[in-house]
Each structure stands twice: as C-alpha cells, then as structure tokens.
Amino acid sequence: MTSLRAPEPEDRAERAAVLKERIYLIFTTLAVTLSLASHGDHLAATEAAATLAITVAGTLLAIFVADIVSHTSAHEALPTRAELRLMMRTSFGALRAITVPIIFFAGSVLVGWDLDVAFRVSTITLIVALAVVARSALRRTTLSPGRRLLVLLAESAVGIAVVLLEVLAHG
C-alpha cells in the first residue's frame with residue numbers, strides 16, 4: 001500500500017488541494033505505468049524507471065507552476081513565503097501517493113526485480129491508492145454513507161477504466 005498517512009492539514013482548502021494533487025499524480029503515474037507495460041517486452045528497467053521519473057518530475061513541476069500562476073492571476077500578486085511553502089508542500093507532497101511504484105521501478109533497476117511484476121504491482125497499488133485518497137477525502141464530509149460509497153466507487157471505476165482503455169489500445 002502507498003504511504004498516504006502524512007499529517008493532514010486542518011484547513012479545508014489546503015486539504016482539498018493536497019488530495020487533488022495526489023489524484024492528479026496517481027492518474028498520471030497509472031497512465032504512464034500502463035503505457036510502459038504495453039511496451040515492456042522491448043523496454044529495459046532503466047528506461048521504464050527513467051520515463052516514470054521524468055513524467056512524475058514534469059507533472060509535479062507543472063502542478064507547482066500552475067499553482068503559482070493561478071495564485072498570481074487570482075490575487076494579482078506573487079505568493080508570500082508562507083503561500084509558496086504551502087504550494088511546495090501541496091505539490092511535492094503528492095509523491096507519497098506513488099511510493100510503491102517508485103520502489104518497484106527502482107527495484108527493477110537496482111536489484112533486478114522483474115519489470116512485469118513492477119508494472120502489475122504498480123497498477124494494482126495505484127488503483128488502491130485512488131480508493132484510499134477518495135476515502136480520505138470523504139472521511140470528514142457530511143455526505144451520507146451511500147453517497148460516500150458512490151463517490152468512492154466512481155473514482156475507483158475511473159481508475160479501472162483507465163486500465164481497460166490502455167489494454168484495449170494495446171490489446
């Protein structure tokens with residue numbers, strides 16, 4: 001399972017931003033992992049790990065820059081140091097959501113773990129991570145249990161749909 005148990009921010013807006021960034025990064029990592037897996041027989045572990053690292057780094061930087069630009073646009077001023085620290089925590093803190101895939105891809109490179117296993121474990125872990133993030137997001141809401149379950153199932157279904165679409169595209 002992924003390391004999603006960091007101290008949660010008390011502020012609702014900050015909590016929402018943290019959860020949103022985790023979801024973005026999980027879906028990006030899932031899409032890249034599935035795409036790489038479809039070419040796994042022609043791919044070295046170093047290439048897969050490098051591609052994932054570049055994609056994750058690019059995504060995190062894009063999230064961070066988007067936060068700065070949107071803040072500057074909305075407030076007509078650059079972020080303060082405190083706001084900038086919050087943006088950095090929010091953006092780069094999302095890495096916790098993809099710990100297991102990073103470990104498995106690194107293991108494929110450093111220890112020689114089977115790359116196909118890394119792809120499978122990563123895919124399963126990322127879908128579970130989506131459900132965990134959704135549950136975390138819904139935990140403090142006043143939604144009825146039925147509606148919480150509906151949101152949780154919807155997010156998990158989208159994650160599974162990403163997997164199915166990738167399988168269909170390369171099947």
Side-chain angles (χ1 to χ4, degrees), residues 1-9 15-67 87-139 147-171:
M1 182 80 127
T2 57
S3 305
L4 297 174
R5 297 280 181 199
E8 286 198 38
R15 192 169 57 244
V18 166
L19 293 168
K20 179 179 68 168
E21 306 312 349
R22 286 181 184 172
I23 290 169
Y24 286 159
L25 193 60
I26 291 168
F27 269 112
T28 299
T29 305
L30 181 59
V32 170
T33 298
L34 291 168
S35 181
L36 290 170
S38 70
H39 303 291
D41 51 338
H42 305 308
L43 197 62
T46 52
E47 293 171 312
T51 299
L52 181 63
I54 291 166
T55 303
V56 166
T59 300
L60 292 174
L61 289 172
I63 290 169
F64 181 63
V65 170
D67 281 349
M87 289 175 192
M88 290 177 72
R89 256 193 340 265
T90 300
S91 299
F92 299 104
L95 274 172
R96 284 189 282 273
I98 61 164
T99 303
V100 171
I102 290 171
I103 289 169
F104 271 84
F105 278 88
S108 293
V109 172
L110 301 173
V111 186
W113 292 346
D114 185 63
L115 190 55
D116 287 333
V117 172
F119 290 137
R120 275 191 297 270
V121 169
S122 295
T123 298
I124 292 166
T125 301
L126 290 164
I127 292 171
V128 170
L130 284 171
V132 170
V133 169
R135 186 182 179 293
S136 175
L138 297 171
R139 188 178 64 228
R147 288 188 178 188
R148 287 181 193 189
L149 181 61
L150 183 63
V151 171
L152 181 63
L153 290 174
E155 186 182 36
S156 297
V158 171
I160 292 168
V162 168
V163 173
L164 293 175
L165 288 172
E166 189 65 35
V167 168
L168 287 174
H170 294 94

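Computed from a predicted model, the values in this text were never measured in an experiment.
Of the inter-residue distances, the one linking T29 atom OG1 with I98 atom CD1 reads 3.5 Å to the nearest 0.5 angstrom. Rounding to the nearest 0.5 Å places CZ of R148 at 14.0 Å from CG of L153. Interatomic distance, E21 CD to M87 CE, rounded to the nearest 0.5 Å: 10.5 Å. One distance of note links CG of L34 with CG of L164; it measures 9.5 Å at 0.5 Å rounding. In this structure, the separation between OG1 on T125 and CD1 on I102 is 12.0 Å, given to the nearest 0.5 Å. The structure places CZ of F104 at 12.0 Å from OG1 of T99, a figure rounded to the nearest 0.5 Å.
Scanning for side chain to side chain contact (heavy atoms under 4.5 Å, CB included) contacts around A131 gives L152, S156, with sequence neighbours left out. Shown here are the side chain to side chain contact (heavy atoms under 4.5 Å, CB included) partners of A137, two or more places apart in sequence or in another chain: L19. Scanning for side chain to side chain contact (heavy atoms under 4.5 Å, CB included) contacts around F27 gives I23, L130, V158, V162, with sequence neighbours left out.
The minimum heavy-atom distance between A94 and L25, with the atom names listed, is O-CD2, 3.5 Å. Minimum heavy-atom separation, D67 to S91: OD2-OG, 3.4 Å.
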Report, one line per pair, each donor and acceptor closer than 3.5 Å where one atom sits in a side chain of residues 49-60; sequence neighbours left out.
unit_1 : atom_1 : unit_2 : atom_2 : d
T51    : OG1    : E47    : O      : 2.8
T55    : OG1    : T51    : O      : 2.8
T59    : OG1    : T55    : O      : 2.8

For a quick test of your reading: what N or O donor-acceptor pairs under 3.5 Å do the side chains of residues 110-122 make, sequence neighbours left out?
unit_1 : atom_1 : unit_2 : atom_2 : d
D114   : OD2    : D116   : N      : 3.4
D114   : OD2    : V117   : N      : 3.2
S122   : OG     : A118   : O      : 2.6

